Amino acid sequence: MINHPSAWRLSVKARKITEHVDWMGAIDWDRRLFDALIPLPDGTSYNAYLVKGTDKTVLIDTVEPHKLNELMDQLADVPKLDYIISNHAEQDHSGSIPMVLEKYPNAIVLGSDKNKTMLADLIGLTESQYQVVADGETLSLGNLTLEFIYTPWVHWPETMSTYLREEKILFSCDFFGSHLATTDLYAHDEATIYEAAKRYYAEIMMPFRKPIEKNLKRLEPYAIEIIAPSHGPIYDHPEFIMGAYNDWVFAPPKNEVVLGFISMHESTKIMSEYLLSALVNRGVSVKYFNLETADIGKFTMAMVDAGTLVLGTPTVLGGPHPNAAYGALLAAALKPKIQNAAIIGSNGWGGGAAEKMEGLMPAFKDRFLKAVGSRGVPGAEDFKELDRLADEICQKHQDAGLK
Ligand SMILES: Cc1cc2nc3c(=O)[nH]c(=O)nc-3n(C[C@H](O)[C@H](O)[C@H](O)COP(=O)(O)O)c2cc1C
Ligand SMILES: [Fe+2]
Ligand SMILES: [Fe+2]
């Protein structure tokens, strides 16, 4: 054996969940960014599951290809695989399917109708390798029955969940997942998991609240004892994560403001600090983020519950500072429950940032409160305007009954 780090190979064995189901997959301790966008302070995992029936053996999802070796080591003792179920076509779950198929050339990939087209586009699966399963269709593995439940838009149009009837396990893929690297198989450290799952919801699921509502209702009739997602630990008390999703999706926003700002010479910072205290003095909570260094994950998490979003930016080259524009684009894309938004900020000679910020957030059209701008360092008139904005936000929250 070559005495060099490249010869080292991490090997984590499959872990038993029930008599018929094993966890497989990989923990990605070092990953710090997902989709080149989402900060992962605690890493992530890619969970696959082996379901062993008396007649058929099935692998549910695979792993991000750079973790293929770990999955293949776990599959070393599995002589035959009849099916690979693809709950979701994104490559962190489907990317290793072609390599698993090389080992099991007779295995058939199962997924939703839309998933079939996507896997042809993403990993080049051919007609003979794939079989579409319909919503509600079942597959017998001998002593076990899998039911396919279409759960679209968590978070792509093709996503589905797979339900193992006899053991009441829901394999939900990204739905209910959390980006968390841990050796805990189960979600027992609930405070940590809540944070990771909320971050995941905010960044991945929040834009799809309507379909999620439908999917949560769709799952109501099923007796679910375990939720086995494809990221993060398994829920053996699923009411914990189901309750959290119900809160994030259905509960009204809170009497809270997300205030994200950026400032070059402190004028916008002074405006933001003034507004922060004006709001707190009126009994409104503030989640405060300096977008120069803020954890964008925490910023998006704060948007899950807030009633109002305020973004502060100086005018830079006729428009917003790029960091503030980034915050605006995120807020517009993630479609939080937030009811009102406002832009504040300082300028040197002409301004223009507020209008451009509002243009970046068409989802908030008609819900903008009057912007507050100051020329240079803010003075008494500007503070009066910020008091006016604080009054307006407070009134809006009271009128909407936000608590
Ligand atoms: C790189 C740069 C570009 C700027 N571009 C503009 C501009 O296009 N229009 C404007 O009115 N002010 C412009 N300014 C002036 C700032 O908006 C002004 O100094 C403001 O008070 C800064 O607010 P801050 O202290 O929160 O950074 C610019 C300043 C800098 C440093
Ligand atoms: Fe995904
Ligand atoms: Fe995923």
Side-chain angles (χ1 to χ4, degrees), residues 25-26 28 31 33-38 40 43-48 60-65 67 86-97 111 114-115 118-119 122 151-161 171-180 196-197 199-201 203-208 212 228-232 260-275 290-292 311-325 343-357 371-379 382 386:
D28 202 341
R31 190 158 183 181
L33 204 57
F34 204 84
D35 292 346
L37 173 71
I38 295 161
L40 301 182
T44 191
S45 63
Y46 318 105
N47 303 329
I60 300 181
D61 294 315
T62 65
V63 294
E64 185 80 82
K67 289 288 184 183
S86 172
N87 280 326
H88 176 27
E90 194 169 2
Q91 288 93 324
D92 52 327
H93 311 294
S94 73
S96 295
I97 289 177
K114 289 199 173 81
N115 180 291
M118 291 176 115
L119 286 192
L122 294 173
T151 44
W153 291 110
V154 285
H155 56 125
W156 282 11
E158 87 301 356
T159 50
M160 70 174 193
S161 298
F171 301 96
S172 60
C173 202
D174 281 352
F175 199 17
F176 305 118
S178 64
H179 283 311
L180 183 66
R199 181 182 279 267
Y200 191 87
Y201 167 82
E203 292 168 334
I204 308 257
M205 298 289 166
M206 188 155 64
F208 308 108
I212 290 175
S230 60
H231 300 285
F261 76 97
I262 184 104
S263 184
M264 302 179 292
H265 298 292
E266 303 215 344
S267 291
T268 307
K269 183 169 186 236
I270 294 168
M271 296 175 77
S272 302
E273 286 186 354
Y274 187 90
L275 183 64
N290 184 337
L291 296 173
E292 194 178 312
L311 290 171
T313 177
T315 297
V316 181
L317 304 173
H321 187 286
N323 287 35
I343 310 298
I344 62 172
S346 175
N347 70 81
W349 53 88
E355 298 74 12
K356 291 206 169 137
M357 285 286 277
V372 179
S374 87
R375 180 64 49 94
V377 179
D382 306 308
L386 289 167

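Computed from a predicted structure; not experimentally measured. Order of listing sets the numbers, starting from 1, for every ligand and every atom in it. One is the number of the first residue; the rest follow in order along the sequence.
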*Heavy atoms only: which of Gly352, Gly348, Pro314, Gly350 is nearest to atom 15 (C) of ligand 1?*
Gly348
*Look at atom 28 (C) of ligand 1 and find which of Thr315, Ile344, Asn347 reaches it with the closest heavy atom.*
Thr315
*Please examine the side chains of Glu158 and Glu90, heavy atoms only from C-beta on, and report whether any two atoms are closer than 4.5 Å.*
no
*Which of parallel (below 30°), tilted (30 to 60°) and perpendicular (above 60°) describes Phe34 and His179?*
tilted
Can you tell me the protein heavy atom closest to [atom] and the distance?
atom: atom 1 (C) of ligand 1; answer: Val316 CG1, 4.1 Å
atom: atom 27 (O) of ligand 1; answer: Met264 N, 2.5 Å
atom: atom 4 (C) of ligand 1; answer: Leu317 N, 3.5 Å

*Assess the side chains of Asp61 and Ser230: does a donor N or O sit below 3.5 Å from an acceptor N or O?*
no
*Near the Fe ion (ligand 2), which protein N/O/S atoms fall under 2.8 Å?*
His88 NE2, Glu90 OE1, His155 NE2, Asp174 OD2
_the Fe ion (ligand 3) - closest N/O/S atom in His231_ = NE2
*Looking at Asp174, Thr151, Ile60, which one forms a side chain to side chain contact (heavy atoms under 4.5 Å, CB included) with Ser161?*
Thr151
_So, regarding Ile262 and ligand 1 (criterion: nitrogen or oxygen to nitrogen or oxygen, under 3.5 Å), is there a contact or not?_
no
*asked:* I need the contact type for Arg375 against ligand 1. Using non-hydrogen atoms and a strict under-4.0 Å cut-off, is it side chain, backbone, both or neither?
replied: neither
